[in-house]
Protein chains: 2
Amino acid sequence: MARVTIIDIARESGKSYTTVSRALSDHPRISLETKVLIRATATRLGYSPNMMAKGLVQRRTQTIGLIATELSNPVRSELIEALRRHVHASGYQLLVSGYQDEDELSSRIRDMAGRQVDGLIIGKITGVVEKKDFWPSLEAALKQDIAVVVFSKATSVRVDCLCIDYTAMARQLTEHFIRKHGFRNIWYLGVDRNTIRQRGYVAAMQAAGLDSAKRLFLLPAQDMQTARNAIGELLRQEGKPQAILCHNDITAIGVMHGLRQCGYRVPEDIAVAGIDNHQISSFFNPALTTAGIAPERVAESMMKLLEARLGHSNQSPAVAVHLPFKTYFRESCGCCCPNDEE
Amino acid sequence: MARVTIIDIARESGKSYTTVSRALSDHPRISLETKVLIRATATRLGYSPNMMAKGLVQRRTQTIGLIATELSNPVRSELIEALRRHVHASGYQLLVSGYQDEDELSSRIRDMAGRQVDGLIIGKITGVVEKKDFWPSLEAALKQDIAVVVFSKATSVRVDCLCIDYTAMARQLTEHFIRKHGFRNIWYLGVDRNTIRQRGYVAAMQAAGLDSAKRLFLLPAQDMQTARNAIGELLRQEGKPQAILCHNDITAIGVMHGLRQCGYRVPEDIAVAGIDNHQISSFFNPALTTAGIAPERVAESMMKLLEARLGHSNQSPAVAVHLPFKTYFRESCGCCCPNDEE
DNA sequence: CTGAAAGCGCTTACAG
DNA sequence: CTGAAAGCGCTTACAG
């Protein structure tokens, strides 16, 4: 009930609470003697500072907010954990928020701003930028001096951006199917329409003079089950492709399972590739061909971007960091070249 | 810079800030007219309430803290996402914290208490309870009226507990190996020593008159890579078992890959089972035999436990909720019974 | 080296 | 139905 406050420590130690406050934050002009005394009584009383009060006056909360989608995707969780480690290492805590619907994003941003987070990481804003309430909420956050970094494709937004070139990943994997394996009937199995990944696929197909429009299919959701169930139906209606590029590893895993259930072998009958390079993709049988960036790298870059803003102002121009990705050719596309070492 | 506060709204709308505060929180004794006026100016000015100030005076922060280990394990992320949804649905936000070392836990608890979380979920405290600083930090949190639920095996702790019977899962899987498949040389591949999972394995082995001590091996870490690399070495040193029960699905996935690399077939040469029943386990080739509880169920129960405490006091006695698990016999143990439906 | 005072942005009795 | 005042627990100029 009765929380221990600096007033209690002041009373116990016979000092003013001003001095207590200073001693606890290791102010240089407090005598060592006093510091020792005060710290001792603080721990004796089981004192822990009220971050609400501290945050109110200091206008800093030592909190980084993360707003992202697909929080249950293992890829996301690898990133979150890496991020959390970096955030902790810098003395912050991570406040995690998610959203399903694009309209939700702006209210999530306002929530975070109200909680006075010092920094804010926003995942994938493609498709959100046109929502009417998005910009005002972002502007409000910026005006409040919150360090913001978005995590998206290159963007003209006036906030720092960590760019991951999914377009190039999709393009490169599609080109690999075409050039290395000579496939021409290559499907793309996406989730949302017109993603940047999809664009890479289309570009590669067009460059090779292949039709992509009729080979582009959309799943209603991006979990494994959905992909598994959908692929059988698709094969029945559309015939058999030579290869399938999937929106991400999770989808690819679902597809591979669905193909096996339909009696097709991967890669002998149909080749498959994913995007993300989640750890698990190399453990599959067959091992999954995919492309991605180590989450550790992403987390590190985000934190670096954030720290550059934190404390400093939002006045300096926004920077865009492009992270190089790597492509992993494994068994599922028909390659067996063991180039899988880190 | 200049944040919009209720003072600004008061000035703009010609009302006192007291009235603004009341109107914004929909106080019954404010006229509808005034409320409409004030809300309009609030949104016009882009106001969002400062939760620090609010939290300071109300002593509630609408935040639930989560402290857990193994945050990058996909199983954990499924749970976190489910939890996050429930937490949001009840009007709270989720503050996520992790710890590697058991000694860290108490300082994480203090952090959370300092942040004035309304509720706190603590993952697996087995092996932590004997740490000297653990109890004081937990007591402090309780005294501060934070609703606490631990997520562990049955415990005598004076906080609510969500119990998951890993011992029974391990026991049941081991018994399955013994009775259904007639295996006698069954290994257990664990991570920490003397976990409750391990205990289930030992019990089943002893009950069948089988030696377990020499068949129990510990991995230095619980990621897939470690398991994959370790299993080869182990086979070379110890010969070939008939079956391996793994600490969790992630370990089992690593093991299956390692076995394949060594030229062994699963389940023909060696049977494998995991624990957790992560979604992905049914997508593997071979599909993984495992046991677990749907994360959605776990999250739901946690939230229920938490909400019963939230607002109410910590005076009523601690309750322990036991969640029933399910066992899934799939291909990796040699069964093919498709009992995998939910 | 230490203290008294103001103030962070809100809510909530207490008056009217 | 509305307002003036106190206070949540801290930090930080301003004085000494």
A:I109 and A:I122, any side-chain heavy atoms less than 4.5 Å apart
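A:I122 vs A:I109: side chains touch.
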
Are side-chain heavy atoms of A:Q62 and B:R115 found at a separation under 4.5 Å?
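Yes; the side chains approach each other to less than 4.5 Å.
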
Whole-Å distance separating the [atom1] atom of [X] from the [atom2] atom of [N]:
X: A:I38; N: D:dC10; atom1: CD1; atom2: P; result: 13 Å
X: A:I30; N: C:dG3; atom1: CD1; atom2: P; result: 8 Å
X: A:L45; N: D:dG9; atom1: CG; atom2: P; result: 14 Å
X: B:R60; N: C:dC10; atom1: CZ; atom2: C1'; result: 16 Å
X: B:L56; N: D:dC8; atom1: CG; atom2: C1'; result: 4 Å
X: A:H27; N: C:dG3; atom1: NE2; atom2: C1'; result: 12 Å

Counting side-chain heavy atoms from C-beta on, which of D:dT11, D:dC8, D:dC10 comes nearest to B:R59?
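For the B:R59 side chain, the nearest candidate turns out to be D:dC8.
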
Nucleotide nearest A:I6 (side chain, heavy atoms from C-beta), chosen from D:dC10, D:dC8, C:dC1
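That would be D:dC10.
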
Considering only NZ, NE, NH1 and NH2 on the basic side and carboxylate oxygens on the acidic side, decide whether [X] and [Y] come within less than 4.0 Å.
X: B:R84; Y: B:E81; answer: yes
X: B:R85; Y: B:E296; answer: yes
X: B:D145; Y: B:R60; answer: no

Can you find a side chain N or O atom of [X] that sits less than 4.0 Å from OP1 or OP2 on [N]?
X: B:K15; N: D:dT2; result: yes
X: A:S31; N: C:dT2; result: yes
X: B:T19; N: D:dG3; result: yes
X: B:T34; N: D:dT2; result: yes
X: A:Y17; N: D:dT12; result: no

For nucleotides D:dT12 and D:dG16, find the distance between their C1' atoms and express it as a whole number of Å.
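It works out to 16 Å between them.
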
May I ask you to say what A:T18 touches in the nucleic acid, namely base, sugar-phosphate or nothing, with a heavy-atom cut-off under 4.0 Å?
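Touches a base.
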
Remember a base hit wins even if backbone is also touched, and classify B:S21 as base, sugar-phosphate or nothing at under 4.0 Å, heavy atoms.
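Touches a base.
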
Can you work out whether B:Q58 or A:S16 has the more 5'-proximal nearest nucleotide on DNA chain C?
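Its nearest nucleotide being more 5', the pick is A:S16.
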
Closest-nucleotide 5' rank along DNA chain C - winner of B:Y47 and A:G14
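The residue closer to the strand's 5' end, by nearest nucleotide, is A:G14.
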
Could you please name the partner base of D:dC14, counting Watson-Crick and G-U wobble pairs only when both distances are under 3.5 Å?
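C:dG3 is the nucleotide pairing with D:dC14.
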
Taking the nucleotide of DNA chain D with the closest heavy atom to each, which residue, A:R22 or A:S48, is nearer the 5' end?
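First, find each residue's nearest nucleotide; the 5'-ward one identifies A:S48.
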
